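A short write-up of the structure that comes next.
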Amino acid sequence: MDSKSFININAELSFSVLVAWGILRAYGKFLNLSVRAPRWAVAVNKIWVLGIGVAVFGLLFNIKSDHLNGIFWLLTLGGTVLLLLRIRDYRPARTILLAIAPFALHYLLEFLAKVLGNGLLDEYDDAFDTAQGFAFIWLATFLLIARSQKKNLEAERLLREEEEQNKRRIEAQNAELERLVSERTAALTQQAEELRYTLTELKTTQAQLIQAEKMASLGELTAGIAHEIQNPLNFVNNFSEVSAELVQELEEECQKAERDPELENELLADLKQNLQKITHHGQRASSIVRGMLEHSRASSGERQLIDLNALCDEYLRLAYHGLRAKDKTFNATLETHFDPNLGQVQVISQDIGRVLLNLLTNAFYAVQQRQKRQEAGYYPTVTVSTCHTSEGSEIRVRDNGLGIPESVKQKIFQPFFTTKPTGEGTGLGLSLSYDIITQGHNGTLTVDSEEGRGTEFVIVLPE
Amino acid sequence: MKILVVDDETDVRTLFEQRFRREIRSGKFEFSFAYSGEEALNYLHSHVSEVVLILSDINMPGMSGLELLRLVKQEYDAPPPPPPMVMMITAYGDTESYNQAMQLGANDFLTKPVDFAALKEKLLSLETL
């Protein structure tokens, strides 16, 4: 081989290497090799190494120059096929593989025919030419398809990326929302906690108010109670003293020579009567004290069988003397109409006592206010009557006081409503009474009033 | 001497009858009892010339002792017969009641519990007048 042909060979091979390098670079870019198969991308860039390798191989074994070029292209095509097989997951790569497969096969067959040189090429020259044309068309077509596929994939990828971005944005928004929700939840929880605390405090205050109301009504009554106790105690003292005198007189009589049996019997009868009086008034005083203690004690909430008539009578006196203790000139007629058939009734006695005390205190207040107007012939009267009806036990508390105006009647059972001057009434009496009767005893508390004529409250306690 | 005791407590009768049993037995005092102002007035209408002294409670249902005092002083203002003396007895020894009673012409003002020994002396001194 002369030097001129060597240069020719090298020129042809160099050109092939350049072309191969350009094509491979372009398709390497098209397939994004640097990302998909970085090592192959490096190899593509160094295709000239293969060219040199082939040239050196040609020199060493003195191979025909056009065969060298063929070897180079065959190796390049083979490498490309291997590379495409390697990244066949990428659809355009598969299409390119499909595109170059016939071309590569045709090139191989042609090369083999040339190398073997058995005239096969000449014999089937037309067939080879046709196949080559067909392979080129196929190659071009599928390369175009690969391009459009890549475009589609790119569009899809962009769409996916956009979706991804949207998803991320939504996720970020979700996270923000969640943060806001948890913040709000924490705020609400705290509020709920505060409300619960306030509620507990309110409940405590309510209980204290109820107790305070009870104590206030008891305070109003203290003087009346003292008087109510003082009266029977006076009798106890007086009857005891006079009994001592009677005993002394009896002793003197016994020592006389001439005894007067009639006088002695009279003295003994008086003594017996006095002892009964002492017992009677002693019990009267203790029942008042008992009532007072019961009233001040927190309600046990237990129902007991009690004599409603006796309870009414006791509280009527307490309320009357309570007002009289404050206003010494106050006088009223107390009327009672107790139904003897009422019998024992199952109630929470302290609570019913409070209701009675409240209604009676109001009744006395009403007649006292009317008395202050100094109407001629007006006698303040408060009446308590009991009655056994088909609906249960009925208690009526009636006064001939000022009466309640229609506009006020709507509000009398509301808590804190009072017509009394500030500081004189808590405004809780009737409201608590209403609760005690309706909720505590499933009964009814109704009012009937005529302005200037009087008021009547009716309690009905079902059996 | 006839004394009318007015009080709504019925046991007052027993008490007075025993406290003054010697005086009643000896005929020094004679007691009548009324349990309300109205009853007292009715009694006075039929026994006015006999009653020398009225002992009345102030706080009573219906007509009060002060009302009774006013009516008695009004009705028996001009002698003859001489008006009965009126002593008020009350559990509430407040000045307001006292002033009111004195203004209405009460002869005396006693507070409960009644000191019977003192009352007896007062009544006996009245009798010797």
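In what follows, chains are A, B, ... by sequence order, proteins preceding strands, each numbered from 1. What you see is a predicted model, and the numbers here were worked out from it, not measured in a lab. No hydrogens, no waters, no symmetry mates; every other heavy atom, side chains included, goes into these values.
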Over 12 non-hydrogen atoms of neighbours within 6.0 angstrom of CD in Q369(A) =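 Yes.
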
Would you call K28(B) and E23(B) a salt bridge, taking side-chain N to carboxylate O under 4.0 Å as the test?
->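 No, no charged N to carboxylate O under 4.0 Å.
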
Is it true that the side chains of Y365(A) and D399(A) contain a donor and an acceptor less than 3.5 Å apart?
->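 No - no donor-acceptor pair under 3.5 Å links their side chains.
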
Any side-chain donor near an acceptor of the partner, Q230(A) and N234(A), under 3.5 Å =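 Yes.
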
Heavy-atom distances under 4.5 Å only: say whether L246(A) touches chain B with side chain, backbone, both or neither.
->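 The answer is both parts of L246(A).
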
Examine whether an atom of L271(A) lies under 4.5 Å from a heavy atom of chain B, and if so say whether it belongs to the side chain, the backbone or both; otherwise answer neither.
->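 Neither part.
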
Where do N400(A) and T381(A) come nearest, in terms of heavy atoms and distance?
->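 Result for this residue pair: OD1-N, 2.9 Å.
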
Indicate the atoms forming the closest heavy-atom contact of D7(B) with M60(B), along with that distance.
->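 Smallest interatomic distance, heavy atoms only, reads CA-SD, 4.1 Å.
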
With sequence neighbours excluded, what pairs up with E67(B) under the side chain to side chain donor-acceptor pair (under 3.5 Å) test?
->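 Scan of E67(B) (side chain to side chain donor-acceptor pair (under 3.5 Å), adjacent residues dropped) gives R70(B).
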
Please flag which part of Q100(B) lies under 4.5 Å from any non-hydrogen atom of chain A: side chain, backbone, both or neither.
->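 Q100(B) touches chain A through side-chain heavy atoms alone.
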
Does anything in residues 235-244 of chain A get under 4.5 Å of chain B by heavy atoms, and if so which residues?
->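 When heavy atoms of chain B are the reference, residues 235-244 of chain A contributes F235(A), N238(A), F239(A), E241(A), V242(A) within the under-4.5 Å range.
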
